[in-house]
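By convention in this document, chain letters (A, B, ...) are assigned in the order of the sequence lines, proteins followed by strands, and residues within each chain are numbered from 1.
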Amino acid sequence: MNLFSNYSNRELNIWGELILNIVVCFYFFNGVFQLMPGSDEYAADLAEIIIGVVVIAVVYSIVVFGLINIITKAEAKDEMDRIIDVRSDKMGYIAMSVFVTLIMCFIILTESRGSVASIGISEMTPIFIAQLLLMTLVASSTVKSLSRLYNYRKVM
Amino acid sequence: MGKQATTNNVRRLRFDADEMTQADLAAKADVTRQTIIAIEGGKYSPSLELAFKIAHAFGVPLESVFQYQDGE
C-alpha cells in the first residue's frame with residue numbers, strides 16, 4: 001500500500017497501460033511469428049491469437065484498472081495533465097513517424113537488394129507489412145506511455 | 001532576452017492559512033494535488049486562470065502569490 005501512496009491514480013493507470021501494451025505485444029507477436037504464412041490454418045490460427053489478445057486485454061483491464069481505481073481515488077484531468085498529454089502525444093507521433101520511415105526504408109531496400117536482414121522480397125507479404133505497422137502502433141503507444149510517466153515524475 | 005522565471009509563495013501561504021493541506025488547496029483550485037506539488041516546487045507554471053484561483057483560495061492578490069522575475 002505504501003508503494004501506491006507515492007503514485008497518483010493517473011500514474012498507476014499509465015503503468016497499467018504500459019504493462020498491458022507489453023503483455024499484449026509479447027503474446028501477439030510471439031504467436032504470430034510462430035505461424036506459417038500461406039498455410040491452410042494460418043487464418044484460423046491468427047484469429048485464435050487475436051481472440052486471445054482481446055480476452056487478455058478485457059480481463060486485465062477489468063482486474064488491474066478496477067483495482068487501481070479502488071486503491072487510489074480517480075481524479076478528473078486538470079490543465080497540467082492535459083499539457084503532459086499533449087507533450088506525450090507529440091513524442092508518440094515523432095516515434096511513429098520514425099518507425100514508419102524505417103519500415104519504408106526497409107521495404108525499399110528489400111525491393112532493391114532482394115533481401116535485407118535475411119528477409120527476402122518473397123516474405124514481404126501484405127500480412128507481414130501489416131504486422132510491422134502493428135508493431136509500430138504498439139511501439140509508439142509505448143513511447144507515449146513512457147513519455148507521460150517521465151513527465152509526471154519530472155514535475156514531482 | 002534574459003532568463004525568465006516565476007516564483008511563488010504557495011507553501012508559505014498554505015501554512016499561514018491554518019496549515020491548509022495541499023489536498024485542500026487542490027480542491028479549492030479545482031486541480032489535482034500533483035499539480036499543487038508541481039507548482040510549489042517551481043516545476044510547473046500555472047495558467048493565468050489557475051493562478052487567480054489559487055490567489056482567491058488564499059484571499060490575497062495574485063502578486064502576493066506569484067512573482068515574475070526577468071533575470072539578465
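Residue A:Glu79 comes nearest to B:Tyr44 through the heavy atom pair OE2-OH, 2.6 Å, listed as atom of the first residue, atom of the second, then distance. Of all the heavy atoms in B:Thr32 and A:Asp78, the pair that sits closest is N-OD2, 2.9 Å.
Looking at A:Asn9, there are no atoms closer than 4.5 Å to chain B (heavy atoms on both sides), in backbone or side chain. Using a 4.5 Å cut-off between heavy atoms, A:Glu75 contacts chain B through its side chain alone, with no backbone atom that close.
Enclosure of atom CG in A:Asn30 by more than 12 non-hydrogen atoms of other residues, nucleotides or ligands within 6.0 angstrom is indicated. Other residues, nucleotides and ligands place no more than 12 heavy atoms under 6.0 Å from the CD atom of A:Glu48. Around OH of A:Tyr27, the count of heavy atoms belonging to other residues, nucleotides or ligands within 6.0 Å exceeds 12. For B:Met20, the CE atom counts as densely surrounded, since its 6.0 Å shell holds more than 12 non-hydrogen atoms of other residues, nucleotides or ligands.
Once rounded to the nearest 0.5 Å, the distance linking CZ of A:Arg10 with CD of B:Gln34 reads 8.0 Å. If you take OG1 on B:Thr35 and NZ on A:Lys77, they are separated by 12.5 Å, rounding to the nearest 0.5 Å.
One hydrophobic cluster holds both B:Leu48 and B:Val10 under the rule that ILVMFWY side chains link at heavy-atom gaps under 4.5 Å.
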